[in-house]
Amino acid sequence: MIEKPLLLIVGPTASGKSSLAIKLARALDAEIVSADSRYLYRELEIGVAKPSSADLASVKHHLINVASLTNPWNLGLYKQSATQIISEIQLRNRLPILTGGTGQYVRSILQNWQIPSHGPVGQLREDLETIGDHIGFDKLYEILSALDPQAAANIDYRNHRRTIRALEVILSSGKKFSDLRDKEKPPYTTLIIGLELQREVLYARIDERVDAMISQGLVGEVQNLLDAGSGPALEAMRVIGYNEIITHLRGEISLEEAAALIKRNTRAYVRRQANWFKPTDPDIHWLNAQDPALFENALDLIESNFGIKPER
RNA sequence: GCCGAGUUAGCUCAGUUGGUAGAGCAUUCGACUGAAAAUUGAAGGGUCCACGGUUCGAGUCCGUGACUCGGCA
């Protein structure tokens with residue numbers, strides 16, 4: 001069987017991934033598969049810079065607004081759904097475009113991660129946290145080291161979350177965490193387009209975007225969520241832009257301070273995002289996001305890699 | 001003009017009884033297999049306002065000057 005094409009568009013938040021993807025999708029009659037952990041939730045709008053409903057309607061989008069904050073998704077669910085959706089699109093003989101800012105999600109598809117089938121076990125996770133609080137997370141890490149030295153070597157002892165996750169899998173499966181994870185060759189021919197933008201320019205765009213979010217009514221959106229009972233206790237609500245506004249609504253900081261914090265945290269986020277896709281990665285075709293010929297450059301790459309071009 | 005406080009990292013500031021400097025934030029780089037906009041690690045960065053003095057040795061003590069901020073005239 002010939003492997004079918006999958007186009008990936010990667011790059012930091014605010015680099016213009018979505019708009020490029022939409023233009024390409026229109027031109028090539030393609031469908032967009034989101035790889036953004038926050039677009040999954042229908043309650044989050046302004047603060048996550050979700051594409052407008054007009055944009056969403058103009059091209060077929062997948063994995064946006066498919067979940068509720070009270071029923072959070074995760075990597076395993078995402079990988080499973082995205083894989084299935086991609087193959088369905090390919091069966092329709094259309095090009096799937098995978099794009100989004102969640103590096104982990106993109107890479108799970110790109111490297112075809114074989115994720116442990118043992119999902120989060122609510123009670124066990126809580127228990128491990130409680131135990132950690134009592135005996136100290138250092139002890140918890142020592143236990144992990146004893147049970148699965150290889151997994152422990154891969155995790156910083158100060159990183160409680162990853163320590164707990166590894167123990168969770170070991171205790172619920174009876175197997176080593178490090179044995180349950182693997183990657184395989186993905187069943188696609190892939191082309192990865194990366195959008196690059198100077199940090200300075202990117203930071204300036206972020207500042208603008210945060211101010212715009214606030215004038216578009218981010219505070220109101222957060223207030224509505226709180227009124228509806230979606231508070232900071234929900235993991236999926238732990239989103240840049242929402243936390244800071246909640247702190248403001250509690251009267252602890254001014255709106256200006258909240259905006260400054262959102263900008264700061266978004267800049268840090270962008271730096272963390274960059275860890276997933278590096279300028280030195282030989283598999284990524286980096287294109288200048290500000291180049292007026294960006295769209296044409298992308299079309300050229302697609303044609304030479306996939307032999308697909310717009311119908312005229 | 002007089003009195004007081006101050007001047008140390010890009011910013012806000014610590015710095016004990018003198019032994020050539022620290023924090024937070026910022027900046028940069030890294031990890032990541034079912035919480036990932038999460039969680040987490042590391043690094044770079046200082047003529048300690050200037051000049052002189054005391055001292056083996058001054059960010060620290062003394063003097064002079066410059067600048068900043070208060071107060072009083």
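Numbers restart at 1 for each chain; the letters A, B, ... are given by sequence-line order, proteins then strands.
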Peer 1: Would one find more than 12 heavy atoms of other residues, nucleotides or ligands at under 6.0 Å from atom CD of A/Gln150?
Peer 2: no
Peer 1: Toward the 5' end of RNA chain B, which comes first, A/Lys183 or A/Met213, by nearest nucleotide?
Peer 2: A/Lys183
Peer 1: Base, sugar-phosphate, or nothing: which does A/Tyr78 touch, judged by heavy atoms less than 4.0 Å apart?
Peer 2: nothing
Peer 1: The side chain of A/Leu77 lies closest to which of these nucleotides: B/rU27, B/rA35, B/rG34?
Peer 2: B/rG34
Peer 1: If the cut-off is 4.0 Å, is A/Arg161 near the phosphate of B/rU39, judged by side-chain N/O to OP1 or OP2?
Peer 2: no
Peer 1: If you check the A/Ile115 side chain, which of B/rU33, B/rC32, B/rA35 turns out closest?
Peer 2: B/rU33
Peer 1: Searching all strands shown, indicate the nucleotide that pairs with B/rA42 (Watson-Crick or G-U wobble; both distances under 3.5 Å).
Peer 2: B/rU28
Peer 1: Which nucleotide sits closest to the side chain of A/Tyr203: B/rG34, B/rU28, B/rA36?
Peer 2: B/rU28
Peer 1: Looking only at the side chain of A/Arg199 (C-beta and beyond, no hydrogens), which of the listed nucleotides B/rA36, B/rU28, B/rA31 gets closest?
Peer 2: B/rU28
Peer 1: Assess whether atom CD of A/Gln114 is packed by more than 12 heavy atoms of other residues, nucleotides or ligands within 6.0 Å.
Peer 2: yes
Peer 1: Just compare B/rA42, B/rG34, B/rU39 and give me whichever is closest to any side-chain atom of A/Asn74.
Peer 2: B/rG34
Peer 1: Give A/Gly241 one of three labels, base, sugar-phosphate or nothing, depending on what nucleic acid heavy atoms sit under 4.0 Å from its own.
Peer 2: nothing
Peer 1: Would you indicate what A/Asn265 reaches in the nucleic acid, counting non-hydrogen atoms under 4.0 angstrom: base, sugar-phosphate, or nothing?
Peer 2: nothing
Peer 1: Within the pair A/Arg165 and B/rC32, is there a side-chain N or O less than 4.0 Å away from OP1 or OP2?
Peer 2: no
Peer 1: What interatomic distance, in whole Å, is found between P of B/rG18 and the corresponding atom of B/rU55?
Peer 2: 16 Å
Peer 1: Could you measure between the two P atoms, the one in B/rA14 and the one in B/rC61, and give it in whole Å?
Peer 2: 15 Å
Peer 1: B/rA26 phosphate, OP1 or OP2: any side-chain N/O from A/Arg267 under 4.0 angstrom?
Peer 2: no
Peer 1: For B/rG15 versus B/rG52, give the span between their C1' atoms, rounded off to a whole number of Å.
Peer 2: 25 Å
Peer 1: In the structure shown, which nucleotide is the Watson-Crick or G-U wobble counterpart of B/rG70, with both distances under 3.5 Å?
Peer 2: B/rC3
Peer 1: Roughly how far apart, to the nearest Å, are B/rG44 and B/rC51 at atom C1'?
Peer 2: 32 Å
Peer 1: Who is the Watson-Crick or G-U wobble partner of B/rA14, with both distances under 3.5 Å?
Peer 2: none
Peer 1: Closest to the A/Asn159 side chain: B/rA31, B/rA36, B/rA26?
Peer 2: B/rA31
Peer 1: Counting Watson-Crick and G-U wobble pairs only, both distances under 3.5 Å, name the nucleotide matched with B/rU47, or none.
Peer 2: none
Peer 1: Counting side-chain heavy atoms from C-beta on, which of B/rU40, B/rA26, B/rG34 comes nearest to A/Arg271?
Peer 2: B/rA26
Peer 1: Taking atom C1' in both B/rG46 and B/rG4, compute the distance separating them and give it to the nearest angstrom.
Peer 2: 29 Å
Peer 1: Is A/Asn159 reaching over with its side chain to a backbone N or O of A/Ile155, donor-acceptor style, under 3.5 angstrom?
Peer 2: no
Peer 1: Any donor and acceptor pair, going by atom type alone, linking the side chain of A/Asp283 with main-chain N or O of A/Ile192 inside 3.5 Å?
Peer 2: no
Peer 1: Rounded to whole angstrom, note down the P distance from B/rA21 over to B/rG45.
Peer 2: 14 Å
Peer 1: With respect to the phosphate group of B/rC29, does any side-chain polar atom (N or O) of A/Lys278 fall under 4.0 Å of OP1 or OP2?
Peer 2: no
Peer 1: Using the rule side-chain contact (heavy atoms from CB on, under 4.5 Å), only one of A/Leu195, A/Leu299, A/Ile193 pairs with A/Leu294; which is it?
Peer 2: A/Leu195
Peer 1: Hey, is the side chain of A/Arg125 poking within less than 4.0 Å of OP1 or OP2 on B/rA35, counting only N and O atoms?
Peer 2: yes
Peer 1: Do other residues, nucleotides or ligands put more than 12 heavy atoms under 6.0 Å from the CD atom of A/Glu200?
Peer 2: no
Peer 1: From the options B/rC32, B/rA26, B/rA35, select the nucleotide whose nearest atom is closest to the side chain of A/Asn275.
Peer 2: B/rC32
Peer 1: Quick one: on RNA chain B, does A/Gly76 or A/Asp156 contact a more 5' nucleotide (nearest heavy atom)?
Peer 2: A/Gly76
Peer 1: Would you mind reading off the distance between A/Ile206 atom CD1 and B/rA26 atom P, rounded to a whole angstrom?
Peer 2: 13 Å
Peer 1: Quick one: does any side-chain atom of A/Lys175 pair with a main-chain N or O of A/Ile170 as donor and acceptor, under 3.5 Å?
Peer 2: no
Peer 1: State the pairing partner of B/rG59; accept Watson-Crick or G-U wobble contacts with both distances under 3.5 Å, and report none otherwise.
Peer 2: none
Peer 1: Scan A/Val169 against the nucleic acid and name what it touches under 4.0 Å (heavy atoms): base, sugar-phosphate only, or nothing.
Peer 2: nothing
Peer 1: B/rU60 and B/rA9: how far apart are their P atoms, nearest whole angstrom?
Peer 2: 15 Å
Peer 1: Check every strand shown and say whether A/Gln80 touches a base, only sugar-phosphate, or nothing at a heavy-atom separation below 4.0 Å.
Peer 2: nothing
Peer 1: Between B/rU39, B/rU33, B/rA26, which nucleotide has the shortest distance from any of its atoms to the side chain of A/Gln104?
Peer 2: B/rU33
Peer 1: Looking at A/Arg38, does any N or O in its side chain come under 4.0 Å of the phosphate oxygens OP1/OP2 on B/rA36?
Peer 2: yes
Peer 1: Using the side-chain contact (heavy atoms from CB on, under 4.5 Å) definition, which of the options A/Glu3, A/Lys4, A/Glu31 pairs with A/Gln90?
Peer 2: A/Lys4
Peer 1: Between B/rU28, B/rA36, B/rA35, which nucleotide gets closest to the side-chain atoms of A/Glu235?
Peer 2: B/rA35
Peer 1: Can you find a side chain N or O atom of A/Arg264 that sits less than 4.0 Å from OP1 or OP2 on B/rA26?
Peer 2: yes
Peer 1: Tell me whether the side-chain N/O atoms of A/Arg238 come closer than 4.0 Å to OP1 or OP2 in B/rA36.
Peer 2: no
